[in-house]
Amino acid sequence: MSLSTAAVLALLTAAPAAAAPGPLADPAAQSARTPVERQVLPAGDGWASADGGTTGGAAAAPADVHDVDDRAGLLEALAASGERPKIIRVHGRIDANTAADGSALSCADYAAGTGYDLEQYLQDYDPAVWGRDRDPAGAQEDARRAAAANQARTIRWDIPGNTTIVGAGPDSEIRGAALRINGADNVVLRNLTFSDAADCFPAWDPGDGSTGAWNSEYDLLQVINGATHVWVDHSEFTDAPNPDSGQPSYFGTPYQVHDGALDVTNGSDLVTISYNRFTDHDKLMLIGSTDSPTRGDPGRLRVTVHHNVFEDVGQRAPRVRYGQVDVYNNHYVVPEDGSVPFVYSLGAGIESHLYAEANAFTLPAGTDPARLIGRYKGSVVATVDNTVNGKKVDLRAAYNAAVPESAQLAHDTSWTPTLRTKVHAAQAVPALLARTTGPVLSTGGNR
């Protein structure tokens with residue numbers, strides 16, 4: 001049975017009023033009104049609601065609704081339907097590191113035939129032998145690149161426009177994939193766990209910082225190259241079960257196999273990130289490509305980050321360049337014994353306009369609130385009515401008191417966010433988000 005044009009139009013016009021669960025809404029009751037996969041971003045809910053809003057594949061015809069439970073099925077669904085609206089319901093866990101026949105692929109499988117050998121790589125590019133004034137080059141670096149290309153062809157997947165991907169239940173997961181919304185418009189991702197996009201072949205950069213660094217390639221999700229109207233909701237982003245804390249160190253530097261969790265770069269715009277859980281990750285969320293204005297970022301990178309939980313996150317929650325980024329009603333948790341070293345939460349980069357309001361920060365006793373802000377060539381930031389361990393703290397004032405005058409940040413008066421759902425008092429945020437973030441929804445579909 002197919003949806004009539006009138007039915008589709010009725011769905012799209014009626015859905016915003018009751019589209020996404022509010023902070024205290026019961027997800028099951030919401031789904032009874034409009035199935036999760038047919039819900040659209042409500043009007044006024046962050047930057048992704050601007051300029052026509054974000055509907056994803058809500059209007060998909062029955063033939064364009066796909067139920068998938070493995071890599072092959074997901075890739076087939078992504079390739080189907082062209083630019084027509086499509087819905088993809090994910091059942092259970094999909095592992096990206098699998099062959100076409102469904103068998104598991106290891107790092108050794110990607111390296112097979114390339115000549116890459118980690119032990120030989122470490123011998124060849126040991127700073128005591130190779131030095132620190134030139135990048136790796138030669139047979140082992142060529143082999144590393146070839147092995148990395150094998151993995152990229154397997155795990156890097158692009159999501160087309162007019163698409164909704166939703167977990168069919170709270171156990172729905174995409175593990176090991178490097179997902180991209182690459183220049184596409186109108187994408188919704190909900191009710192999924194995105195985990196462990198580990199790079200088998202990190203690159204050694206001897207000139208990165210004072211000690212060199214291992215740089216990995218993959219983010220769990222990239223919103224890149226002018227992508228627009230993206231809503232990421234009720235999902236979890238994590239390095240588990242393979243945290244970088246479990247990796248060895250080489251050349252005195254941690255062998256880091258994860259890059260970002262959710263980055264918005266290269267002129268992308270109009271993104272809402274809501275009711276997600278971000279856990280066990282270091283460099284989490286980069287908004288803005290580089291300090292150079294040549295990547296299309298100025299005037300774009302408008303992102304709303306609201307009602308998310310950030311727990312055991314090292315830095316970049318988010319770090320912003322150029323964009324207007326509204327960060328409100330999030331809960332930041334720095335554990336006493338976390339696996340990820342804490343650096344900062346809110347990063348003010350070049351020409352950034354970050355507005356942080358009514359967020360709750362739960363920190364170990366004795367932690368200086370000045371550490372919550374990191375300055376990376378930024379000049380302004382707005383921090384309004386935030387709390388640290390339940391007490392209101394002027395985060396900008398705390399930061400400024402701890403740094404020289406030349407490094408201080410002025411209050412940003414350039415804009416005031418308006419595209420918001422209800423803003424709760426920061427003191428109420430931890431309890432509000434305790435059971436309402438991450439994959440807590442259920443949808444239809446059989447598998």
Side-chain angles (χ1 to χ4, degrees), residues 46-48 50-51 54 135 145 148-149 152 155-161 177-187 189 194 197 199 202-203 205 207-209 213-232 237 256 258-273 281-305 315-327 343-344 346-355 374-381 409 412 414-415 417:
W47 277 116
D51 297 350
T54 300
D135 292 334
R145 290 175 181 269
I155 71 168
R156 179 171 276 158
W157 309 336
D158 284 352
I159 300 170
L179 292 163
R180 303 192 302 185
I181 303 172
N182 186 3
D185 177 69
N186 195 28
V187 173
L189 302 176
F194 301 95
D199 187 345
D205 183 351
D208 188 340
W214 292 96
N215 293 322
S216 53
E217 177 67 20
Y218 307 117
D219 300 336
L220 289 164
L221 176 64
Q222 289 180 311
V223 182
I224 57 173
N225 298 330
T228 53
H229 293 108
V230 175
W231 181 28
V232 182
F237 292 77
Q256 194 168 51
H258 300 100
D259 192 18
L262 198 175
D263 286 0
V264 182
T265 60
N266 294 318
S268 297
D269 201 16
L270 303 177
V271 178
T272 295
I273 300 165
H281 194 96
D282 182 18
K283 298 176 181 178
L284 188 87
M285 186 184 301
L286 180 65
I287 301 175
S289 313
T290 71
D291 290 349
S292 169
T294 61
R295 302 284 284 274
D297 290 340
R300 297 175 71 83
L301 300 176
R302 292 173 291 177
V303 180
T304 299
V305 182
Q315 55 190 306
R316 301 185 182 181
R319 175 179 170 178
V320 181
R321 297 180 176 105
Y322 295 105
Q324 288 183 321
V325 179
D326 184 15
V327 179
V343 184
Y344 70 90
L346 306 172
I350 189 168
E351 296 295 327
S352 63
H353 296 281
L354 193 159
Y355 201 105
R375 179 178 176 268
Y376 299 90
K377 300 183 183 179
S379 59
V380 296
V381 69
L409 293 163
D412 191 351
S414 67
W415 74 300

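Residue numbers start at 1 and run along the sequence shown. Everything numeric here is computed off the predicted structure, so don't read it as measured data.
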J.: Once rounded to the nearest 0.5 Å, what's the spacing between atom CZ of R180 and atom CH2 of W157?
T.: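 Output value for this atom pair is 13.0 Å.
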J.: Any idea which heavy atoms bring P293 and Y322 closest together, and the distance?
T.: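 The answer is N-OH, 3.4 Å.
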J.: As a test of understanding, state which of D219, L221, L262, L179 forms a side chain to side chain contact (heavy atoms under 4.5 Å, CB included) with F194.
T.: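 Of all the options given, the one that passes is L179.
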J.: Would you give the length of the straight line joining atom CG of N225 to atom CD of Q222, rounded to the nearest 0.5 angstrom?
T.: 8.5 Å
J.: Can you name the one residue among I287, D297, T265, D291 that meets side chain to side chain contact (heavy atoms under 4.5 Å, CB included) with R321?
T.: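 So the option named by the test is D291.
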J.: Do the side chain of S216 and the main chain of H258 share a donor and acceptor less than 3.5 angstrom apart?
T.: yes
J.: Do the side-chain N and O atoms of N266 and S289 include a donor-acceptor pair separated by under 3.5 angstrom?
T.: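 Looking only at side-chain atoms, S289 and N266 do form a donor-acceptor pair, the distance falling under 3.5 Å.
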J.: Any idea how Y355 and W415 line up, ring-wise: parallel (<30°), tilted (30 to 60°), or perpendicular (>60°)?
T.: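 Answer is perpendicular, since the angle exceeds 60°.
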J.: Any chance you could lay out the side-chain contact (heavy atoms from CB on, under 4.5 Å) test for L270 and D51, step after step, and finish with the verdict?
T.: CA-CA 8 Å; L270 303 177; D51 297 350; 3.8 Å; yes
J.: What do the steps show when you test W47 against V325 for side-chain contact (heavy atoms from CB on, under 4.5 Å), and what is the final call?
T.: CA-CA 9 Å; W47 277 116; V325 179; over 6 Å; no
J.: Please assess E351 against K377 for the test salt bridge (charged side-chain N to carboxylate O under 4.0 Å, His left out), listing each intermediate value before the final yes or no.
T.: CA-CA 8 Å; E351 296 295 327; K377 300 183 183 179; over 6 Å; no
J.: Among D185, D269, T272, which residue satisfies the side chain to side chain contact (heavy atoms under 4.5 Å, CB included) criterion with H229?
T.: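 Going through the options one by one, the only one that passes is D185.
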J.: Does the R300 side chain pair with the main chain of G267, one donor and one acceptor, at a distance under 3.5 Å?
T.: yes
J.: Test V381 against every option in L346, L354, D412 by the side chain to side chain contact (heavy atoms under 4.5 Å, CB included) rule and name the one that passes.
T.: L354
